[in-house]
K.L.:
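Below is a structure I'd like to ask you about.
Lettering follows sequence order; numbering is per chain, from 1.
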There are 2 protein chains.
Amino acid sequence: MAETNQGLSIGQVAERTGLSVHTLRFYEREGILAAPVRRGPGGRRVYSDGDVEWLHLCVNLRSAGMPLPAIRQYAELVRQGADGEEHLLALLRQHRDQVTTEIEQLTESLGLITRKIGAYAERLARGVTGPVRCTPPPTGRPSGEEPRRSWRAGPA
Amino acid sequence: MAETNQGLSIGQVAERTGLSVHTLRFYEREGILAAPVRRGPGGRRVYSDGDVEWLHLCVNLRSAGMPLPAIRQYAELVRQGADGEEHLLALLRQHRDQVTTEIEQLTESLGLITRKIGAYAERLARGVTGPVRCTPPPTGRPSGEEPRRSWRAGPA
DNA sequence: CTACGAGTTGGAGCCGACTCTAGATCAAGT
DNA sequence: ACTTGATCTAGAGTCGGCTCCAACTCGTAG
């Protein structure tokens with residue numbers, strides 16, 4: 001396990017990050033990587049452990065719904081080193097809040113669907129038929145509410 | 001409050017669902033609506049309260065990450081009435097599970113990012129500089145883990 | 001030397017979910 | 001009658017995030 005191998009091929013990295021080789025190249029083109037990937041003889045990408053770690057983080061951020069532009073921004077800040085650290089911290093905090101509200105949203109959704117399941121299951125059990133009155137007590141949002149434009153991160 | 005108005009225009013529905021008129025027409029074309037929308041003189045759409053309720057549900061499902069094909073399927077089952085109820089219930093349960101694991105995922109992500117924030121904040125506080133060792137104790141996922149292919153619902 | 005498999009590049013294509021355009025029609029107000 | 005503004009239809013365009021292709025280069029094994 002102490003095998004801190006110095007240099008992985010794109011295929012190997014694909015394996016251990018769960019991303020496809022296509023996606024890895026794509027991310028690189030998109031400036032998602034914190035540092036430019038080293039190239040071995042023949043121009044082949046040689047990924048360091050740091051790269052892989054970074055990619056794991058990216059996968060995490062992605063699966064938390066962070067769009068590529070935001071990740072790129074993050075990467076840029078990391079590249080800048082100390083200069084961007086404040087900003088970087090702010091970005092992370094924003095992301096955290098984003099995820100938090102996302103979780104709240106989903107939890108709410110979960111409640112709704114669970115109620116619906118309950119209603120349907122009961123109806124089925126007693127053989128009743130007809131449409132189910134589904135929405136819970138009116139949430140009191142008459143209008144003027146935006147449909148939740150996820151994220152937002154300045155253009156590259 | 002007792003104003004159970006019989007028939008809303010597309011614009012009014014857009015207002016109270018948060019969807020754009022474009023999207024409303026789009027959804028209709030896509031077979032997302034449980035019942036065909038009535039048309040008034042001049043061929044204009046006249047939405048019933050039931051339609052609006054249904055749309056609210058759709059908005060909810062969407063924001064919980066359910067893709068349109070799955071919602072269409074749902075709508076089809078509702079159209080079939082009693083015949084599809086078992087299936088419908090199954091679909092809802094699947095969705096619930098989906099959302100549940102999604103929440104788990106996000107919660108995990110949240111933990112990671114929170115740890116990172118802690119690390120960065122501390123470093124900044126004490127003026128240290130340099131890259132942060134970010135991944136938490138190796139999660140023990142050496143490879144062979146799919147990158148989480150969300151949903152899946154049969155083709156239209 | 002040759003063949004093969006894994007890499008490389010740039011660019012095209014695809015999918016989901018909207019989003020917008022154009023041109024016609026309609027309903028109401030002045 | 002005319003204008004304004006909401007709707008209508010059909011279809012094209014956009015955007016994010018991949019996904020795949022063609023054509024070429026390596027390194028190694030036979």
K.L.:
Arg38(A) has an atom CZ; how far is it from atom C1' of dG7(C), in whole Å?
P.N.:
16 Å
K.L.:
Just to confirm, is there a sub-4.0 Å distance from OP1 or OP2 of dC18(C) to any side-chain nitrogen or oxygen of Tyr27(B)?
P.N.:
yes
K.L.:
Side chains of Ser48(A) and Asp51(A): is there a donor and an acceptor less than 3.5 Å apart?
P.N.:
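Yes, Asp51(A) and Ser48(A) have a side-chain donor paired with an acceptor closer than 3.5 Å.
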K.L.:
Check whether more than 12 heavy atoms from other residues, nucleotides or ligands sit under 6.0 Å from atom CD of Glu86(B), and answer yes or no.
P.N.:
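No, the 6.0 Å shell around CD holds no more than 12 heavy atoms from other groups.
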K.L.:
Strictly below 4.0 Å, N to O, side chains only: are Arg39(A) and Glu28(A) in salt-bridge contact?
P.N.:
yes
K.L.:
If the sugar-phosphate is the primed atoms plus P, OP1 and OP2 and the base is the rest, what is the B/S/- string for nucleotides 21-30 of chain D, using protein heavy atoms under 4.0 Å?
P.N.:
----BBS---
K.L.:
Are the charged groups of Glu108(B) and Arg115(B) less than 4.0 angstrom apart, N to O?
P.N.:
no
K.L.:
For DNA chain D, which consecutive runs of 3 or more Watson-Crick or G-U pairs (each distance under 3.5 Å) count as stems?
P.N.:
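As far as DNA chain D goes, consecutive pairing (with distances under 3.5 Å) yields the stems C:1-30 with D:1-30.
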K.L.:
For Arg29(A), answer base if it contacts any base atom (sugar-phosphate contacts may also be present), sugar-phosphate if it contacts only those atoms, and nothing otherwise; contact means non-hydrogen atoms under 4.0 Å.
P.N.:
base
K.L.:
May I ask you to check whether Ser63(A) and Asn60(A) show a side-chain donor-acceptor distance below 3.5 Å?
P.N.:
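Their side chains do not contain a donor-acceptor pair, so the 3.5 Å distance test is not met.
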K.L.:
Within the structure, does a side-chain N or O atom of Arg45(A) lie under 4.0 Å from either OP1 or OP2 of dA6(C)?
P.N.:
no
K.L.:
Could you tell me whether the side chain of Ile113(B) reaches within less than 4.5 Å of the side chain of Val99(A), counting heavy atoms only?
P.N.:
no
K.L.:
Tell me the interatomic distance from Glu30(A), atom CD, to dG10(C), atom C1', rounded to whole angstroms.
P.N.:
14 Å
K.L.:
Closer to the 5' end of DNA chain C via nearest nucleotide, is it Glu28(A) or Phe26(B)?
P.N.:
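Looking at the nearest nucleotide for each, Glu28(A) comes out on the 5' side.
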K.L.:
In whole angstrom, give the distance that lies between atom CD of Gln73(A) and atom P of dG16(D).
P.N.:
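The distance from CD of Gln73(A) to P of dG16(D) comes to 14 Å, rounded to the nearest Å.
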K.L.:
Tell me: CZ of Arg62(B) to P of dG16(C), nearest whole Å?
P.N.:
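After rounding, the gap between these two atoms is 12 Å.
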K.L.:
Looking only at side-chain N and O atoms, does Ser9(B) come under 4.0 Å of OP1 or OP2 in dT7(D)?
P.N.:
yes
K.L.:
Are the aromatic ring centres of Trp54(B) and Tyr74(B) under 6.0 angstrom apart?
P.N.:
yes
